[in-house]
Amino acid sequence: MVGAPMTGFSISMDLAPKQSQSEESSAQTGTVEQRLKFFMQDVTGRALVMMESATQGQNGIAMDLVQEAFISLHKSYANKAIEEWYPLFYTILNNKLQDWRRKEARRASPFSLFRKLNLDSDDDEMMDIVDESTPNPLHFLAQEVAIEEIHEAITKLPLRQQQAFMLRAWEGFDTQTTAQIMNCTEGSVKTHYHRAIQGLKASLSHLNPFMGGSSDES
């Protein structure tokens, strides 16, 4: 079931943030396959958005990464509760993304085998930011705005800002959990998240009520 190819998924899938899991309690009592089906239905759309942005629109690669993460989750953590699957899944997915990026970097530069690859700059210009409240991404949307416009604004962000924003705002993870998933410090998450919000405000400044509040509110 998990090993079957993922077809029919695209960036137009559910881009809404993860809601409180009212259905999760009933799903917890189902079989592993039923719980996994519920989990996949809930998370696939958002995970694909994140991976398509991270791979610069390579839909096939994004689907492969998401499917591989589901397979690994199923193999290693099938008996975990559904609420534990969310951070575990995104940690696995982030690791697979980083592996793919390293392979791509080495393919582009064969001599990189002889030096350490620095794909991210988490500690550059670290900002002393009080942890920001997580905005509701639905406030970014106006009825007349296509999802593609929101996605385009996200893809313009640097990768780590994309990740911090999607994990914090769309998945609702706190700073500590996001840092564990991204394998960086909480300060780095705060910096990336702050810059992501500022970048999206700049890109989507024509929307309302997106500009209805300050990102520095706590």
Side-chain angles (χ1 to χ4, degrees), residues 9-19 42-63 65-66 69 86 89-90 93-94 96-98 100-101 104 119-122 124-127 129-175 177-179 181-182 184 187-218:
F9 295 111
S10 71
I11 212 65
S12 61
M13 286 191 61
D14 178 23
L15 209 131
K18 186 180 73 173
Q19 304 297 317
D42 181 53
V43 81
T44 298
R46 298 187 303 274
L48 278 175
V49 169
M50 187 182 298
M51 290 301 101
E52 288 195 17
S53 298
T55 59
Q56 298 182 321
Q58 298 190 60
N59 181 262
I61 298 296
M63 288 194 292
L65 292 171
V66 171
Y86 288 93
F89 170 76
Y90 279 104
L93 187 60
N94 180 66
K96 290 188 179 297
L97 172 63
Q98 297 307 321
W100 175 81
R101 294 179 69 206
E104 290 297 296
L119 297 176
D120 302 302
S121 54
D122 282 323
D124 290 350
E125 300 180 24
M126 187 75 70
M127 301 169 66
I129 298 173
V130 176
D131 196 15
E132 299 172 85
S133 59
T134 303
N136 183 346
L138 293 179
H139 293 166
F140 300 163
L141 304 174
Q143 291 296 323
E144 70 275 10
V145 178
I147 285 178
E148 286 74 13
E149 184 172 0
I150 307 300
H151 176 242
E152 183 180 356
I154 294 174
T155 60
K156 290 178 180 178
L157 298 173
L159 174 61
R160 300 295 269 179
Q161 291 181 29
Q162 293 176 23
Q163 290 180 301
F165 178 78
M166 293 294 289
L167 291 170
R168 292 280 280 116
W170 249 257
E171 289 299 321
F173 293 124
D174 59 24
T175 300
T177 303
T178 302
I181 292 171
M182 293 178 62
C184 64
S188 294
V189 169
K190 293 176 185 179
T191 298
H192 293 313
Y193 184 55
H194 175 82
R195 289 174 174 167
I197 292 174
Q198 298 306 311
L200 289 174
K201 280 191 171 184
S203 296
L204 302 172
S205 58
H206 58 289
L207 301 183
N208 284 307
F210 180 77
M211 296 298 290
S214 169
S215 66
D216 293 324
E217 295 177 356
S218 56

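- Residues passing the side chain to side chain contact (heavy atoms under 4.5 Å, CB included) test with Ala196 are Leu157, Gln161, Phe165, sequence neighbours excluded.
- Taking CE of Met182 as the reference point, atom CD of Gln98 lies at 8.5 Å (rounded to 0.5 Å).
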message = Test side-chain contact (heavy atoms from CB on, under 4.5 Å) on Val189 and Leu167; report intermediate values, then the result.
response = CA-CA 10 Å; Val189 169; Leu167 291 170; over 6 Å; no
task = Test side-chain contact (heavy atoms from CB on, under 4.5 Å) on Tyr90 and Met50 and set out the steps.
result = CA-CA 10 Å; Tyr90 279 104; Met50 187 182 298; 3.8 Å; yes
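- Heavy atoms only, all atoms of each residue included: Met166 and Ile154 are closest at SD-CD1, 4.0 Å.
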request  = Report the C-alpha distance between Phe89 and Val66 in whole Å, list the side-chain angles of each, state the deciding distance to 0.1 Å, and finish with yes or no for side-chain contact (heavy atoms from CB on, under 4.5 Å).
outcome  = CA-CA 9 Å; Phe89 170 76; Val66 171; 4.2 Å; yes
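- With contacts defined as side-chain heavy-atom distances shorter than 4.5 Å, the pair Trp100/Lys96 does not qualify.
- Annotation for Ala164 and His192: closest pair CB-CB, 3.7 Å, computed over non-hydrogen atoms.
- Between Leu97 and Met51, the shortest heavy-atom distance links the atoms CD2-CE, 3.9 Å.
- There is a side-chain donor-acceptor pair under 3.5 Å between Gln163 and Arg160.
- Proximity of Gln56 to Thr155: side-chain heavy atoms (C-beta onward) are nowhere separated by under 4.5 Å.
- Here the CD1 atom belonging to Ile61 is positioned 11.5 Å from the CD atom belonging to Glu52, to the nearest 0.5 angstrom.
- Applying the side-chain hydrogen bond (donor to acceptor under 3.5 Å, both in side chains) criterion to Thr55, with sequence neighbours excluded, gives no partner residue.
- Between Glu171 and Tyr86, the shortest heavy-atom distance links the atoms OE1-CD2, 3.8 Å.
- Taking OG of Ser53 as the reference point, atom CD of Gln58 lies at 12.5 Å (rounded to 0.5 Å).
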task = Kindly indicate, with the supporting measurements, whether the criterion side-chain contact (heavy atoms from CB on, under 4.5 Å) is fulfilled by Arg101 and Leu159.
result = CA-CA 11 Å; Arg101 294 179 69 206; Leu159 174 61; 3.0 Å; yes
